[in-house]
Amino acid sequence: GQGPSARSAGFDLRVGETADTGDGRVVQLTFRWSGDPREEAAACIVCAALAAGFDARVQAGDAARSAEALLATADACLESF
């Protein structure tokens, strides 16, 4: 069908370098999405996987986000859709 669920959704991922903070993290991934809750959910799920599987530090603004918090956000986004 051509209804709302048939629309494509996605997020933008940019890879950059950052100063070494002494903990070995030197790559910065920036995720961006529109107001579509499916896009936010997808980005949160990928970030949660990076945090859980690779010990990535995930930040939203100045606040650190755990894998569990990211998955909770993804659940809430998908429930609202």
Side-chain angles (χ1 to χ4, degrees):
Q2 294 299 319
S5 63
R7 291 186 323 218
S8 62
F11 58 85
D12 183 40
L13 169 62
R14 300 289 175 168
V15 179
E17 294 182 19
T18 187
D20 187 347
T21 58
D23 58 5
R25 293 179 173 98
V26 294
V27 175
Q28 176 179 333
L29 303 176
T30 303
F31 292 79
R32 293 186 185 163
W33 56 89
S34 71
D36 188 322
R38 298 173 300 166
E39 295 175 349
E40 183 176 359
C44 285
I45 291 166
V46 171
C47 287
L50 291 170
F54 297 96
D55 196 31
R57 180 176 54 222
V58 178
Q59 287 186 233
D62 291 335
R65 303 283 313 275
S66 69
E68 294 80 14
L70 290 160
L71 291 176
T73 298
D75 282 341
C77 288
L78 294 174
E79 286 176 7
S80 72
F81 181 69

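- Minimum heavy-atom separation, Ala9 to Asp36: CB-OD2, 3.9 Å.
- Around CD of Gln59, the count of heavy atoms belonging to other residues, nucleotides or ligands within 6.0 Å exceeds 12.
- No donor-acceptor pair under 3.5 Å is formed between the side chain of Gln28 and the backbone N or O of Glu17.
- In this structure, CG in Leu71 is found 7.0 Å from CD1 in Ile45, a value given to the nearest 0.5 Å.
- Nearest heavy-atom pair, Val27 versus Thr18, reported as atom, atom and distance to 0.1 Å: N-CG2, 4.1 Å.
- Side-chain heavy atoms closer than 4.5 Å link hydrophobic residues (I, L, V, M, F, W, Y) into clusters, and following such links, even through other members, never connects Leu13 to Val58.
- Rounded to the nearest 0.5 angstrom, Phe11 CZ and Cys47 SG are separated by 7.5 Å.
- In terms of heavy atoms, Ala74 sits closest to Cys44 at CB-CB, 4.1 Å.
- Transitive grouping of hydrophobic side chains (ILVMFWY, heavy atoms separated by less than 4.5 Å) keeps Phe31 and Leu78 in distinct clusters.
- To the nearest 0.5 Å, the span separating CZ on Arg57 from OG on Ser66 amounts to 14.5 Å.
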